[in-house]
Amino acid sequence: MNTIPFPDYRHRHLLGIEGLVPIEVTALLDRAEIYAQRNRSPDKFSEEMRGRTVINLFFENSTRTRTSFELAAHRLGANVINMTVGSSSVAKGETLIDTAVTLNAMHPDVLVVRHAESGAAALLAQKVNCAVINAGDGAHEHPTQALLDALTIRRRRGKLSGLEVAICGDVLHSRVARSNIHLLNVMGAHVRLVGPRPLIPSGAQELGVDVFYDMREGLKDVDVVMMLRIQMERMQGNFFPSVREYFRYFGLDREKLALAKPDALIMHPGPMNRGVEIDSDVADDFERSVIREQVEMGVAVRMAVLEILAANLDHTESTSTLEKR
Ligand code: CP
């Protein structure tokens with residue numbers, strides 16, 4: 001019988017969290033939970049992706065995402081190729097689509113893509129026959145980051161539903177914030193966006209969140225404080241007077257954290273700007289900060305996503321405009 005291996009997640013790709021339903025998110029998190037446990041055991045390697053090929057195609061810098069996708073694929077027995085754009089023909093002017101079509105001709109099973117433009121991963125998904133994972137596209141989405149954040153919270157609190165989560169800082173430029181808003185909303189948590197007015201997107205309330213421009217108000221009694229990196233590289237013009245001012249009003253320090261619940265989790269997707277959006281004192285608080293656990297869960301989540309997409313590949317419709325493989 002030709003049954004789909006993971007029937008609760010039937011998409012060919014993972015391009016974003018928007019549009020996923022609770023059963024799909026839960027399927028990914030439950031599978032990741034198995035890998036989270038296995039990754040803490042001495043025997044971390046298996047054969048779920050034996051014979052499969054994963055290509056990491058990163059047009060933007062990355063430490064956590066690229067390394068953890070590579071590690072995840074290795075641990076599942078896949079072959080992994082890492083394309084660094086600086087040493088590829090992109091540096092000679094080859095377009096994103098030509099690069100993707102070229103890689104597609106080598107018959108990979110999964111393409112992991114990070115790109116500075118929103119929608120880049122979705123565009124590639126239409127040009128290749130393999131599964132595509134969005135590893136971050138512009139300020140649009142970073143779905144595996146939201147999944148690993150959710151797994152971290154669920155392991156610590158036993159649930160997502162009913163939690164009050166403050167996402168703080170440079171929301172405007174943050175794909176992490178967007179993916180987290182969609183995931184937390186669909187899983188029944190309540191999201192507050194906290195930051196200076198110029199760094200909160202206009203119309204944010206339409207996403208089903210509450211907005212606070214005063215961090216002391218926004219952190220009151222929350223279960224989770226999720227800090228965001230100030231993304232200077234995406235800013236044109238001045239969004240705040242100075243780093244010193246920013247830290248004073250919107251940097252997470254011991255005094256502001258005291259307004260959250262006494263056991264509130266401290267999260268940050270990394271890389272951190274210490275002394276800008278977060279004080280080292282709270283970032284390194286081993287009782288409250290789960291920042292290192294987020295990195296650990298990143299490997300487990302990426303193992304789950306790679307495995308599920310690869311296993312379902314022959315049971316899902318290609319979205320490609322190319323001829324079928
Ligand atoms: N959180 C995150 O995406 O980190 P990297 O940019 O290091 O991959």
Side-chain angles (χ1 to χ4, degrees), residues 14-18 28-29 32 36 39 54-75 80-86 110-121 132-153 165 167-184 195 199 224-235 252 265-274 276-278 283-284 289-306:
L14 178 65
L15 302 175
I17 299 294
E18 188 175 14
L28 295 168
L29 295 182
N39 285 342
V54 176
I55 300 182
N56 281 328
L57 181 57
F58 278 62
F59 292 86
E60 278 190 329
N61 294 340
S62 169
T63 298
R64 282 145 283 267
T65 312
R66 201 198 59 75
T67 311
S68 59
F69 265 115
E70 183 176 355
L71 200 56
H74 277 302
R75 285 191 182 167
V80 192
I81 309 295
N82 290 306
M83 294 267 313
T84 38
V85 167
V110 185
L111 194 54
V112 180
V113 186
R114 171 170 287 191
H115 198 278
E117 294 297 325
S118 297
V132 174
I133 300 174
N134 180 6
D137 62 329
H140 176 229
E141 282 231 35
H142 191 351
T144 55
Q145 179 70 46
L147 287 163
L148 73 88
D149 291 340
L151 184 62
T152 307
I153 298 170
V165 181
I167 302 180
C168 309
D170 184 1
V171 178
L172 184 68
H173 301 103
S174 178
R175 55 198 178 205
V176 173
R178 259 164 210 78
S179 288
N180 265 300
I181 291 167
H182 292 308
L183 191 149
L184 291 164
L199 291 179
V224 178
V225 183
M226 193 180 283
M227 299 307 300
L228 298 173
R229 182 171 70 87
I230 286 288
Q231 300 194 42
M232 303 284 194
E233 75 278 15
R234 294 193 205 277
M235 290 184 188
L252 185 66
L265 302 177
I266 302 164
M267 305 182 78
H268 193 301
M272 283 186 279
N273 293 311
R274 290 172 183 265
V276 181
E277 70 261 359
I278 191 164
D284 300 332
S289 169
V290 293
I291 294 170
R292 286 177 190 80
E293 205 170 309
Q294 287 174 265
V295 176
E296 180 189 357
M297 292 309 124
V299 180
V301 155
R302 285 158 186 143
M303 289 174 81
V305 172
L306 284 170

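Whatever order the structure lists ligands and atoms in, that order sets their numbers, starting from 1.
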Chemist: Asn56 and Glu70: side-chain donor and acceptor closer than 3.5 Å?
Modeler: no
Chemist: Which side-chain N or O atoms in residues 296-303 pair as donor and acceptor under 3.5 Å with protein atoms at least two apart or in another chain?
Modeler:
from   : atom 1 : to     : atom 2 : distance (Å)
Glu296 : OE1    : Arg40  : NH2    : 3.0
Glu296 : OE2    : Arg40  : NE     : 2.6
Glu296 : OE2    : Arg40  : NH2    : 3.3
Arg302 : NE     : Thr144 : OG1    : 3.2
Arg302 : NH1    : Ser68  : OG     : 2.8
Arg302 : NH2    : Thr144 : OG1    : 3.1

Chemist: Write out the protein residues near ligand 1, meaning a non-hydrogen atom under 4.0 Å from one of its atoms, in order of chain and number.
Modeler: Ser62, Thr63, Arg64, Thr65, Arg114, His142, Gln145, Pro269, Gly270
Chemist: Main chain of Thr152, side chain of Gln294: is a donor-acceptor contact present, judged purely on distance under 3.5 Å?
Modeler: no
Chemist: Kindly write out the residues that satisfy ring pair (Phe, Tyr, Trp, His ring centres under 6.0 Å) with Phe59, not counting sequence neighbours, or none if the list is empty.
Modeler: His115
Chemist: Do the charged groups of Arg175 and Glu60 touch, with an N to O distance under 4.0 Å?
Modeler: yes
Chemist: In chain order, what residues pass the ring pair (Phe, Tyr, Trp, His ring centres under 6.0 Å) check against His173, with sequence neighbours excluded?
Modeler: Phe239
